[in-house]
Amino acid sequence: MSRYNYTEEELELLKVLEMQKQMLKDLDSDELDTRKRIEEAEETIKKILTERGIDIPALSSESSGQESEKLSFEHVPTWESLVSKANEQIDYQPFIEDFLTQEEINYSLEEIKQIKKEFKKRTKLNKVDACFIIVATALQTLRWVIINRILGDVGEKIDADSRLQHDDKSIEDTSTGRKKSFRDKHYNKPGDNNPSQKGYKDWMHIIFDTVPYDAIKGSPGIGENMEGRYHRYRTLGHDPILGWIFGTANIITDTITLSNWRSFRIARITPTGSKYLHFSEPTTLPTIFYETYDSIKEDYLRLPAAVFTQFVHLESDAFTKQGLPVPILEAFSEKLAGKLYRSQYDSLCLLRDIKIVGTQAVVSVIINMLVTLIHGLFYDEKTDDSREMYEVRTRKVLLYSNTLASAGNIAYSAAMQDWGKLDIGGIIVTITRLFSDVRFITRMKHEFIQKEMDKALYERLEQIDDNYFN
């Protein structure tokens with residue numbers, strides 16, 4: 001075993017080298033035998049010709065005036081073929097210790113160490129770069145301070161003073177007005193609202209009936225606690241995203257689908273004749289979706305009517321004091337969704353935070369772009385290294401400035417004990433830069449080391465190309 005780690009490509013290279021080493025060894029042995037026989041034959045021929053008084057002409061290419069024939073690159077095997085042949089001939093894995101002595105290996109490692117020092121020296125930040133770091137850090141810090149002042153903190157809860165009660169008369173009047181407008185637009189004659197032959201709701205009832213997923217009564221009887229005014233996070237129909245599928249299907253079929261994926265039929269009249277929504281009997285999602293399809297097939301207007309009703313209901317609920325739950329979360333973690341909802345954090349709070357975080361990230365990226373462009377203008381090909389090396393310095397400027405600004409924001413939030421002031425968007429951009437910039441700098445460093453170590457090899461390869469290839 002070797003004391004060094006190897007990549008797959010390096011292991012392949014070592015196998016090919018081992019194969020070539022063995023081929024050269026065999027070739028040297030054969031060549032010695034062949035050369036000895038040729039020399040013996042030449043001596044015999046020369047002796048015979050000399051005895052007969054015949055002069056021996058020069059046979060070299062220089063004396064004949066002919067150029068030696070060069071090879072074509074077509075004769076050079078591909079790397080894939082060499083690897084395949086090496087795998088067939090070499091049934092063990094050679095390591096670098098099989099080719100070099102420890103002294104030679106140490107010399108190579110020391111050479112790499114010196115090249116790394118040279119790379120560090122060439123990409124070292126100067127006074128101009130330091131000024132850019134200071135200015136960029138100040139801009140990034142000023143950015144999160146201003147955005148925090150304008151848009152507020154992340155994670156703020158529902159502002160009860162700006163919301164309406166769920167039963168506010170203005171909400172009902174607005175919803176009723178929209179429903180009547182929809183009806184008047186699509187209902188011109190009795191034939192426009194086809195009664196169902198299979199017991200489904202017609203589209204007029206779909207619009208004006210209370211949505212079935214508002215049902216609460218009867219839930220204890222089926223082992224569910226709808227939590228009264230917090231029932232919205234318990235039903236998929238109230239989900240701002242999933243509700244467009246499940247809520248629409250529930251409206252058409254008079255059913256309710258809970259966040260734990262249980263479904264029930266909703267009755268509107270009790271056995272005693274009272275009129276209110278209550279849980280009736282269990283059903284399944286496949287049944288609900290089939291009945292939805294079957295009802296729409298009977299009258300296509302039931303689908304747009306149900307989508308319209310879903311829209312009106314979600315919009316009216318969104319701006320109430322309870323709001324709508326954070327989308328999709330309840331389908332995966334009902335407990336977490338309930339905790340957030342009961343703590344007065346709803347879908348509008350989430351949208352507001354997305355806006356804040358998005359603004360933080362976008363402005364951070366814009367500042368980085370400006371710093372990159374302006375720093376690039378200071379490049380001087382006479383005093384600076386190559387463009388690639390200069391870009392490494394630019395990446396370092398961005399990396400340091402973003403890290404300092406984010407670290408300052410985290411320290412400030414911790415000192416204030418207010419994590420709502422976290423510059424989440426800026427931190428995301430910083431983390432992204434950590435990955436991208438470090439990866440870029442590492443790649444440039446690797447290429448620089450490879451280029452420096454291959455200089456002698458490139459010179460030798462050029463000589464081979466000139467001497468042996470067309």
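Note that the coordinates shown come from a computational prediction; the quantities given were computed from them, not determined experimentally.
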Check whether any side-chain N or O of Arg183 sits under 3.5 Å from a backbone N or O of Met204 as a donor-acceptor pair, and report yes or no.
no
Show the numbers, then the answer: is there a side-chain contact (heavy atoms from CB on, under 4.5 Å) between Tyr341 and Val326?
CA-CA 8 Å; Tyr341 190 60; Val326 172; over 6 Å; no
Met369 atom CE: more than 12 heavy-atom contacts under 6.0 Å:
no
Do Leu258 and Phe264 have side chains that get closer than 4.5 Å, going by heavy atoms?
yes
Taking the side chain from Tyr400 and the backbone from Thr137, do they hold a donor-acceptor pair closer than 3.5 Å?
no
Write down the atom of Ile374, the atom of Phe378, and the distance for their closest heavy-atom approach.
O-CD1, 3.2 Å
Between His313 and Tyr213, what is the ring plane arrangement, given parallel below 30°, perpendicular above 60°, and tilted in between?
perpendicular
Return the minimal non-hydrogen interatomic distance between Leu350 and Pro327, and the atom names on each side.
CD2-CD, 3.7 Å
In terms of side-chain heavy atoms, does Gln310 have a donor or acceptor partner in Asn250 at a distance below 3.5 Å?
no
Side chains of Ser263 and Leu285 in contact at under 4.5 Å (non-hydrogen atoms)
yes
State the NE2-OG distance between His231 and Ser259, to the nearest 0.5 angstrom.
12.0 Å
Flag side-chain contact, heavy atom, 4.5 Å: Val83 against Lys15:
no
Please walk me through it: do Thr210 and Arg268 pass side-chain contact (heavy atoms from CB on, under 4.5 Å)?
CA-CA 9 Å; Thr210 306; Arg268 297 179 179 273; 4.1 Å; yes
Nearest-0.5 Å distance that lies between atom CD1 in Ile222 and atom OG in Ser280
11.0 Å
Counting C-beta onward and ignoring hydrogens, is there a side-chain heavy-atom pair between Trp144 and Ile147 closer than 4.5 Å?
no
As an exercise, state the distance from CG of Leu11 to CD of Glu9, rounded to the nearest 0.5 Å.
9.0 Å
So, do Trp203 and Tyr300 have ring centers that fall under 6.0 Å from each other?
no
Testing the 3.5 Å rule here: is there a donor-acceptor pair between the side chains of Asn260 and Glu224?
yes
Kindly determine whether Glu227 and Arg342 satisfy side-chain contact (heavy atoms from CB on, under 4.5 Å), including the steps that lead there.
CA-CA 10 Å; Glu227 299 190 44; Arg342 285 191 294 272; 2.9 Å; yes
Without swapping roles, check the side chain of Ser219 against the backbone of Ile216 for a donor-acceptor pair under 3.5 Å.
yes
In this structure, are over 12 heavy atoms from other groups packed under 6.0 Å from Tyr6 atom OH?
yes
Could you tell me whether Phe208 atom CZ has more than 12 heavy atoms of other residues or ligands within 6.0 Å of it?
yes
Listed by chain and number, what are the side-chain contact (heavy atoms from CB on, under 4.5 Å) partners of Asp384, not counting sequence neighbours?
Tyr379, Asp380, Tyr390, Arg393
Measure from the side-chain N and O atoms of Thr359 to the backbone N and O of Lys355, and report whether any donor-acceptor pair falls under 3.5 Å.
yes
Check whether any side-chain N or O of Thr248 sits under 3.5 Å from a backbone N or O of Ile245 as a donor-acceptor pair, and report yes or no.
no
Shortest non-hydrogen contact between Ala306 and Ile252, atoms and distance:
CB-CG1, 3.4 Å
Between CD of Gln360 and CD1 of Ile428, what distance do you get to the nearest 0.5 Å?
8.5 Å
Any chance OH of Tyr92 has more than 12 other-residue heavy atoms, nucleotides or ligands included, within less than 6.0 Å?
yes
Would you say Gln322 and Asp346 make side-chain contact, with heavy atoms under 4.5 Å?
no
Residues Met444, Thr123; criterion side-chain contact (heavy atoms from CB on, under 4.5 Å); working and verdict
CA-CA 10 Å; Met444 292 302 302; Thr123 59; over 6 Å; no
At what distance, to the nearest 0.5 angstrom, does OG of Ser333 lie from CD1 of Ile328?
13.5 Å
I'd like to check the side-chain contact (heavy atoms from CB on, under 4.5 Å) partners of Thr442; sequence neighbours left out, ordered by chain and number.
Val438
Which atom pair, heavy atoms only, marks the closest approach of Met19 to Leu82?
CE-O, 3.9 Å
Which of Thr309, Asp239, Leu324 passes side chain to side chain contact (heavy atoms under 4.5 Å, CB included) with Leu314? It is Leu324
Among Leu398, Leu125, Val371, Leu399, find the residue that satisfies the side chain to side chain contact (heavy atoms under 4.5 Å, CB included) test when tested with Ile133.
Leu125
Quickly, which of Asn409, Thr430, Asn368, Thr403 forms a side-chain hydrogen bond (donor to acceptor under 3.5 Å, both in side chains) with Gln140? Name it, please.
Asn368
Compute whether any side-chain donor of one residue and acceptor of the other, for Glu298 and Ser196, lie under 3.5 angstrom apart.
yes
Ile288 side, atom CD1; Thr257 side, atom OG1 - distance, nearest 0.5 Å:
4.0 Å
Is there a donor-acceptor contact under 3.5 Å linking the side chains of Thr320 and Arg232?
yes
For Asp353 and Tyr345, test the side chains for any donor-to-acceptor distance below 3.5 angstrom and give the result as yes or no.
yes
Of all heavy-atom pairs between Leu14 and Pro94, which one has the smallest distance, and what is that distance?
O-CG, 3.5 Å
Is the ring pair Phe246/Phe289 parallel, tilted or perpendicular, if the boundaries are 30 and 60 degrees?
tilted
Do Arg122 and Phe448 make a side-chain contact, defined as non-hydrogen atoms from C-beta onward lying under 4.5 Å apart?
yes
Under 4.5 Å between any side-chain heavy atoms of Glu391 and Phe440, yes or no?
yes
Check whether more than 12 heavy atoms from other residues, nucleotides or ligands sit under 6.0 Å from atom CZ of Arg149, and answer yes or no.
no
Using a 4.5 Å cut-off on heavy atoms from C-beta on, say whether the side chain of Leu236 contacts that of Trp261.
yes
Given 3.5 Å as the limit, does a donor-acceptor pair link the side chain of Arg234 with the main chain of Glu334, or not?
no
Qualifying residue for side-chain hydrogen bond (donor to acceptor under 3.5 Å, both in side chains) with Asp254, from Arg265, Lys201, His205
Lys201
Nearest heavy atoms of Ser364 and Asn402, plus distance in Å
OG-OD1, 3.8 Å
More than 12 heavy atoms from other groups under 6.0 Å of NZ on Lys396:
yes
